[in-house]
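All of these numbers come straight from a predicted model, not from anything done at the bench.
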Amino acid sequence: HRVDDFASWKAVFDERRDRRRASGERGYRLYQVEGDPNNVIAIFEWDEMENAHAFFESSELGDAMQRAGVAETPEIHFMNEAESGSTQ
């Protein structure tokens with residue numbers, strides 16, 4: 001999703017770490033689109049799909065996103081891992 005300023009967005013993201021963990025988040029990865037650092041892709045791992053849905057549908061998250069400077073409504077997809085591997 002697009003943010004106004006990555007550093008400002010990241011500060012709010014970091015302050016919400018404990019809340020995400022208490023909601024069932026196990027881990028995350030953040031990516032910035034090459035040449036467009038305010039275009040962020042976040043991938044999360046959750047303990048239960050129901051917990052992920054509850055977290056991302058909460059009004060509390062909407063408030064935090066507004067405070068963090070999220071510029072556009074993010075596109076959110078819920079996925080189940082089909083396979084992972086290594087080419088090593």
Review point. What distance do D63 atom CG and L61 atom CG have between them, rounded to the nearest 0.5 Å?
Key: 8.5 Å

Check your understanding: Hey, does the side chain of D4 reach the backbone of A71 with a donor-acceptor pair shorter than 3.5 angstrom?
Key -> no

Testing the basics here: between [X] and [Y], what is the closest heavy-atom pair and its distance to 0.1 Å?
X: A64; Y: V12; result: O-CG1, 3.8 Å
X: E60; Y: R16; result: OE2-NH1, 3.1 Å
X: V3; Y: V40; result: CG2-CG2, 4.1 Å
X: D47; Y: S23; result: OD1-O, 4.4 Å

Review point. Which residues pass the salt bridge (Lys or Arg N to Asp or Glu O under 4.0 Å) test with E15, sequence neighbours left out?
Key: R67

Practice item. Decide side-chain contact (heavy atoms from CB on, under 4.5 Å) for F55 and E50; before the verdict, give the C-alpha distance in whole Å, the side-chain angles of both, and the deciding distance to 0.1 Å. Key: CA-CA 9 Å; F55 180 83; E50 295 79 17; over 6 Å; no

Check your understanding: With ring centroids as reference points, do W46 and H53 lie under 6.0 angstrom apart?
Key -> no

Exercise for review: Compute the centroid of each ring, for F44 and then for F56, and state whether the two points are separated by less than 6.0 Å.
Suggested key: yes

Which donor-acceptor pairs under 3.5 Å do side chains of residues 25-34 form with protein atoms, sequence neighbours excluded?
residue: E25; atom: OE1; partner: R20; partner atom: NE; Å: 2.6
residue: Y28; atom: OH; partner: R17; partner atom: NH1; Å: 3.4
residue: Q32; atom: NE2; partner: P37; partner atom: O; Å: 3.0

**Study point:** Path from W9 to I76 over hydrophobic side-chain contacts below 4.5 Å
**Key:** yes

**Study point:** Pair listing, side-chain hydrogen bond (donor to acceptor under 3.5 Å, both in side chains) test, anchored in residues 69-80, at least two apart
**Key:** E75-H77

